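Computation of the quantities below employed the complete heavy-atom set of this structure, encompassing side-chain atoms and omitting hydrogens, waters and symmetry-equivalent molecules. Given the structure is predicted, the values throughout are model-derived calculations rather than measurements. A note on names: the letters A, B, ... follow the listed sequences, proteins ahead of strands, and every chain is numbered from 1.
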Protein chains: 2
Amino acid sequence: MGKSFSLMIHGGAGAFEQVRSDEDAVRYHDSIRTILDEGRKILARAGSALAAVETCAKLLEDDPLFNAGVGSVLNEDGKVEMDAAIMDGTNLEAGAVAGVYDLANPIQLARLVMARKEHVMLTGEGAMRFADECDLARSPPGRLITEGRLQQLQRARGVDRLALDHDAVDAPDDEAGTVGAAAWDVNGNLAAATSTGGVVGKRRGRVGDTPIIGAGVFADNETCAASATGYGEDIMRAVLCKSIADFVQLRGLTAAPAVRAGIDYFERRVNGRGGVIVVDRHGNCASGFTTGKMIHGWIERGGPSKSRF
Amino acid sequence: MGKSFSLMIHGGAGAFEQVRSDEDAVRYHDSIRTILDEGRKILARAGSALAAVETCAKLLEDDPLFNAGVGSVLNEDGKVEMDAAIMDGTNLEAGAVAGVYDLANPIQLARLVMARKEHVMLTGEGAMRFADECDLARSPPGRLITEGRLQQLQRARGVDRLALDHDAVDAPDDEAGTVGAAAWDVNGNLAAATSTGGVVGKRRGRVGDTPIIGAGVFADNETCAASATGYGEDIMRAVLCKSIADFVQLRGLTAAPAVRAGIDYFERRVNGRGGVIVVDRHGNCASGFTTGKMIHGWIERGGPSKSRF
């Protein structure tokens, strides 16, 4: 076990075609760097990987740049329905919620589901009932909806198709994606978290890869921690994060070749559109994506904070 | 590609402590054999693996012996909430529904979700809206609830704990479990399907492994078709079906050693309670379970129908 720590976070994969100016790009980089710094504080004082990924996911949810928490995209009914999941690589405990609303931080509810050790996944009204039971504060109705997302839904309805949240938008506020984090702490423990508002104009009740253990999130101390983003349906069909963990487990690969092998499978079998961040059990950081860009940042074994589209 | 075909089906894993008499056991064996025969007819006339698993899952849902469709267990509110999923190994297309009700055959709705090629997973009211859009007939309210399941819920409330559907019951009608099927057709294509009522007294909105691609169901022509049953939370955390497929893909194992390796991981990492049926891309059949029993049956490469607890 190292005395060091690693952390990766992402803010979505896609074309990010609207990030045309340096100013636009700087806003994303600044947010990613600021949130990495918060994660670093936790890990540097020997905090757990689990605490680091929960905190980073929460901060990413809080930033309206990204499609999670405030600034989530809207479904076919013009409503926010969010999904989130968290997993502890120590014992493979996990918590996931899908189709939740009026919560500023779905990742907190996912953590509470995990802590209860009763179920792994709660959805819709049942998940909201559990949130109330846990006295999780509700966000006032409409509080999570931004003007940019309302405009984006109108455009999506015009083209009558599903769009990744950063497609077909013309204001930088609309562009960001699903968020996620993966961490390796000084005790050698791994954890991962993912949170999203889903895809613009999605059917009510649609669940993507984000809250699916193995697809949008996975962590096992024996292999790696991973968080995915992109077209959820593609990621679910390829069970992307577990595929990558199995390349580590069964082929003995480190993070970078495991990501390449997982992305190869993802492209070959489902023509997958998306990306993933991975921290392996030795603290190696790697990312891969088949989309034009993926905004992400990392700290590898206590090194400097880096970010990249 | 063989000119032969293989088929496996299961009716749940658990203690089946109430199958005390030969008469009780015969009812399960008879149902499994009858349904295998229906699957055989489809595969023998060169029907697809997909058609075979959908038909077998539907027939298992229709039999009140099993915890899926009619005879599903009841949640904390005394209601039926069912989950189902189907996957085509040819192209990794998949369809899943969770928290659906008033439908005799959730597997049909999962198939329709897959056919629409829009989303992979729909839940709750959104899934029911899609069912209505597809003109899927609704079952009259209460039609899926059996007297035995009502009594079982009362007992579960008494002990105040989650119970696999076949625990703590004293009438044979209560005992069966999640259902599933995996098939290999004469064209070498694989498919799998799983359907369930979940666990007795579960929270509203709880989703188990059944509709989770990679956990309760997985099929890829390059590896195998698999369907799981047991404590959904354990199976989700281990992503059991994808774990087994990856032992085939990355270690070159056939069905039997892949099942052993997957079950080993399942026990070692999450102390998993459940079982799985697997048909690999060469038509080999294998099963494994950590529970006392799993009622299942199989036809290996066109051979005789067999069934076993």
Side-chain angles (χ1 to χ4, degrees), chain A residues 75-77 81 87 91-94 96-99 117-130 133 162 199 202-209 211-215 218 220-222 232-243 245-247 249-251 261 265 268-270, chain B residues 75-77 81 87 91-94 96-99 117-130 161-162 199 202-209 211-215 218 220-222 232-243 245-247 249-251 261 265 268-270:
Chain A
N75 73 5
E76 62 180 356
D77 296 337
E81 280 191 326
M87 188 162 185
N91 49 21
L92 273 62
E93 282 180 3
V97 293
K117 295 176 193 286
E118 183 185 21
H119 293 315
V120 165
M121 187 175 194
L122 292 177
T123 61
E125 293 300 325
M128 295 307 297
R129 186 192 286 183
F130 180 70
E133 219 180 285
L162 278 172
V199 287
K202 66 183 178 181
R203 280 181 190 272
R204 179 174 173 196
R206 176 265 190 184
V207 175
D209 65 299
I212 305 297
I213 308 306
F218 191 73
D220 183 346
N221 276 7
E222 296 187 353
E233 281 71 13
D234 297 352
I235 296 166
M236 293 166 88
R237 292 163 56 209
V239 200
L240 183 59
C241 288
K242 183 63 159 82
S243 291
D246 284 343
F247 277 108
Q249 185 120 37
L250 305 178
R251 287 274 174 86
Y265 174 78
R268 184 169 56 80
R269 292 300 284 149
V270 304
Chain B
N75 73 6
E76 63 180 356
D77 296 337
E81 280 191 326
M87 187 162 187
N91 49 20
L92 274 62
E93 282 179 4
V97 294
K117 295 177 193 285
E118 184 185 20
H119 292 315
V120 165
M121 186 175 194
L122 293 177
T123 61
E125 294 300 325
M128 295 307 297
R129 186 193 285 183
F130 180 69
R161 66 175 186 87
L162 277 173
V199 287
K202 66 184 179 181
R203 280 181 189 272
R204 180 175 174 195
R206 175 265 190 185
V207 175
D209 66 299
I212 305 297
I213 307 307
F218 192 71
D220 183 345
N221 276 7
E222 295 187 353
E233 281 72 14
D234 297 350
I235 297 167
M236 292 166 88
R237 291 163 57 208
V239 201
L240 182 59
C241 288
K242 183 62 160 80
S243 291
D246 284 343
F247 277 107
Q249 184 119 37
L250 304 178
R251 288 272 173 88
Y265 174 78
R268 184 169 58 78
R269 291 300 284 150
V270 304

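At a 4.5 Å heavy-atom cutoff, B/N75 makes no contact with chain A through either its backbone or its side chain. Proximity to chain B is limited to the side chain of A/D77, based on heavy atoms less than 4.5 angstrom apart. Contacts between B/A238 and chain A at a heavy-atom distance below 4.5 Å involve the backbone alone (N, CA, C, O). Contacts of B/V207 with chain A are made by both backbone and side-chain atoms, with heavy-atom separations under 4.5 Å. For chain A, the nearby part of B/M87 is the side chain; its heavy atoms alone come within less than 4.5 Å. Proximity to chain A (any heavy atom under 4.5 Å) is shown, for B/E81, by neither the backbone nor the side chain. Of the two parts of B/R269, the backbone and the side chain both hold a non-hydrogen atom closer than 4.5 Å to a non-hydrogen atom of chain A.
Distance check, rounded to the nearest 0.5 Å: NZ of A/K242 to CG of B/L240 gives 9.0 Å. Taking CG of B/L92 as the reference point, atom CG of A/D234 lies at 10.5 Å (rounded to 0.5 Å).
Contact detail for A/R203 and B/H119: the closest heavy-atom pair is N-NE2, 3.3 Å. Summarising the geometry of A/V239 relative to B/V239, their closest heavy-atom pair is CG1-CG1, 3.9 Å, with the distance given to 0.1 Å.
Interface remark: of the candidates A/L122, A/T123, A/L250, A/L250 forms the most heavy-atom pairs closer than 4.5 Å to chain B. Between chain A and the options B/A127, B/S243, B/G214, B/G208, heavy-atom pairs under 4.5 Å are most frequent for B/S243.
No donor-acceptor pair under 3.5 Å is formed between the side chain of B/R204 and the backbone N or O of A/E125. Side-chain N or O atoms of A/R237 include one that pairs as donor or acceptor with a backbone N or O of B/N91 at under 3.5 Å.
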Inset, instruction - Check the pair A/D246 / B/Y265 against side chain to side chain donor-acceptor pair (under 3.5 Å), numbers first and verdict last. - result: CA-CA 12 Å; A/D246 284 343; B/Y265 174 78; 5.8 Å; no

